[in-house]
Protein chains: 2
Amino acid sequence: MTKQARQFAIKELIAARPIGSQETLRRELGKRGFRVTQATLSRDMNDLGVSRTMQGGMPRYAIPSAAGMTALSPLVGAEVVSIDANESLIVVHTLPGCANTVGEFIDVRRHPDIIGTVAGDNTLLVVPISTKKTSHVMQFLKHTLIEGAA
Amino acid sequence: MTKQARQFAIKELIAARPIGSQETLRRELGKRGFRVTQATLSRDMNDLGVSRTMQGGMPRYAIPSAAGMTALSPLVGAEVVSIDANESLIVVHTLPGCANTVGEFIDVRRHPDIIGTVAGDNTLLVVPISTKKTSHVMQFLKHTLIEGAA
DNA sequence: CATGATTCTGTATATTTATGCAAGACAAAA
DNA sequence: TTTTGTCTTGCATAAATATACAGAATCATG
């Protein structure tokens with residue numbers, strides 16, 4: 001029952017259902033075998049950068065998407081927020097100011113199906129050699145940037 | 001000293017500086033002539049949908065990004081020079097150095113048909129989720145950027 | 001093993017936020 | 001004017017969250 005495992009469970013729970021208080025969260029975690037106090041959860045919230053909002057009198061916790069990713073892969077891919085594509089282009093979202101780094105990281109690999117990359121501030125455009133190769137490149141990127149970090 | 005005026009001031013304050021508690025906010029508002037109690041602010045937070053996050057032991061309020069950006073609408077429109085597209089990309093020309101601002105402005109809208117944006121100096125690339133959606137996105141951008149939508 | 005440094009956690013409590021209730025302000029209808 | 005209803009607010013307090021402190025647990029080193 002590591003701290004890491006617990007915080008992962010917290011992210012899952014918060015993302016899945018409307019959790020409104022640390023006490024509620026504590027009970028849900030209890031069902032899953034994590035027995036901790038509210039104080040610990042308060043610290044976890046801090047670590048995870050979770051935010052709390054009131055809406056129509058109902059409180060609700062939410063994970064900032066970027067923070068979620070960051071916590072997931074503390075290593076190389078920590079800067080990558082998301083990877084999406086249309087038929088002919090792939091867009092990698094990164095933390096602010098990190099697109100350049102990620103772009104160079106990809107360039108160095110010299111993947112044969114990637115023509116090149118263009119980096120903005122927090123967005124990286126990856127151009128595949130052919131629309132037919134787009135999904136291949138997607139897989140490559142997800143593997144390299146996300147799984148590769150863990 | 002309307003409720004409306006007060007809530008507007010709250011948005012400004014929260015956007016401008018790191019406000020960590022309703023009590024702090026109350027004092028700041030006091031300096032500006034809004035004398036209210038913490039209870040009222042708690043209700044305002046609910047109305048505005050403001051969220052609170054702990055980071056490194058320091059609390060901080062934040063406005064859901066779209067709400068904060070709304071005020072910028074008229075300014076952004078002035079920066080846009082032209083909007084063009086081919087089948088798979090949309091190019092927004094802006095005044096020199098403004099592409100970044102316009103890009104962020106579009107990003108926070110989180111339009112479902114927009115995968116992402118890449119900003120250069122005076123040129124902004126907008127990537128639609130599909131070539132079929134390009135014209136839709138064009139319309140959205142023209143409406144949002146030029147006519148200055150709410 | 002012993003020592004010290006570091007991390008993690010619970011307890012108790014301080015701090016902060018949310019809310020039930022009643023009072024005041026205002027508007028529309030009688 | 002009086003009545004009725006809606007809206008907003010403050011007061012007092014309940015509810016929720018953060019934190020100082022001390023006790024374990026973990027780990028690297030001598």
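In what follows, chains are A, B, ... by sequence order, proteins preceding strands, each numbered from 1.
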_Students often get this wrong, so: under 4.0 angstrom with heavy atoms, is M45(A) touching a base, only sugar-phosphate, or nothing?_
nothing
*Nearest-Å distance, CG (N46(A)) to P (dT15(C))?*
18 Å
_Is there a side-chain contact between Q22(A) and the phosphate of dA18(D), meaning an N or O under 4.0 Å from OP1 or OP2?_
yes
*Base, sugar-phosphate, or nothing for R43(A), non-hydrogen atoms under 4.0 angstrom?*
base
*Could you check how far NZ of K3(A) sits from C1' of dT7(C), rounded to whole Å?*
7 Å
*Taking the side chain of Y61(B) as heavy atoms from C-beta outward, which of dT9(C), dC11(D), dT17(C) is closest to it?*
dT17(C)
_Given dA18(C), dT9(D), dT16(C), identify the nucleotide with an atom nearest to the side chain of R52(A)._
dA18(C)
*Looking only at non-hydrogen atoms, find the nearest pair between V91(A) and G116(B) and report the distance.*
CG1-CA, 4.2 Å
*Got a donor-acceptor contact below 3.5 angstrom from the T24(B) side chain to the I19(B) backbone?*
no
*asked:* Between S42(B) and dA18(C), is there a contact of a side-chain N or O with OP1 or OP2 at under 4.0 Å?
replied: yes
*Using whole Å, report how far CD of Q4(A) lies from C1' of dT26(D).*
15 Å
*Has the side chain of Q38(B) got a donor or acceptor that lies under 3.5 Å from a partner of the other kind on the base of dA18(C)?*
yes
_Rounded distance in Å - CZ (R35(A)) to P (dT11(C))_ = 11 Å
_Taking 4.0 Å as the cut-off, does a side-chain nitrogen or oxygen of T40(B) come that near to OP1 or OP2 on dG10(D)?_
yes
*Where A85(A) and T134(A) come nearest, the two heavy atoms and their spacing*: CB-CG2, 4.2 Å
_Whole-Å gap separating C1' (dT9(C)) and CG (D47(A))_ = 13 Å
*Would you kindly give the CZ-to-C1' distance between R26(A) and dA15(D), to the nearest whole Å?*
15 Å
*Within this structure, what is the CG-to-P distance between L29(B) and dT9(D), rounded to whole angstrom?*
12 Å
*Look at the side chain of R26(B) and the backbone N and O of F34(B), then say whether any donor-acceptor pair between them is shorter than 3.5 Å.*
no
*Rounded to the nearest Å, what distance is computed from the CG atom of residue D44(B) to the P atom of nucleotide dA18(C)?*
11 Å
*With heavy atoms under 4.0 Å as the rule, sort S21(A) into base, sugar-phosphate or nothing.*
sugar-phosphate
*Per A39(A) side chain, nearest of listed nucleotides dA12(C), dA18(C), dT8(D)*: dA12(C)
_Heavy-atom closest contact (S51(A) atom, T53(B) atom, distance)_ = CB-OG1, 3.2 Å
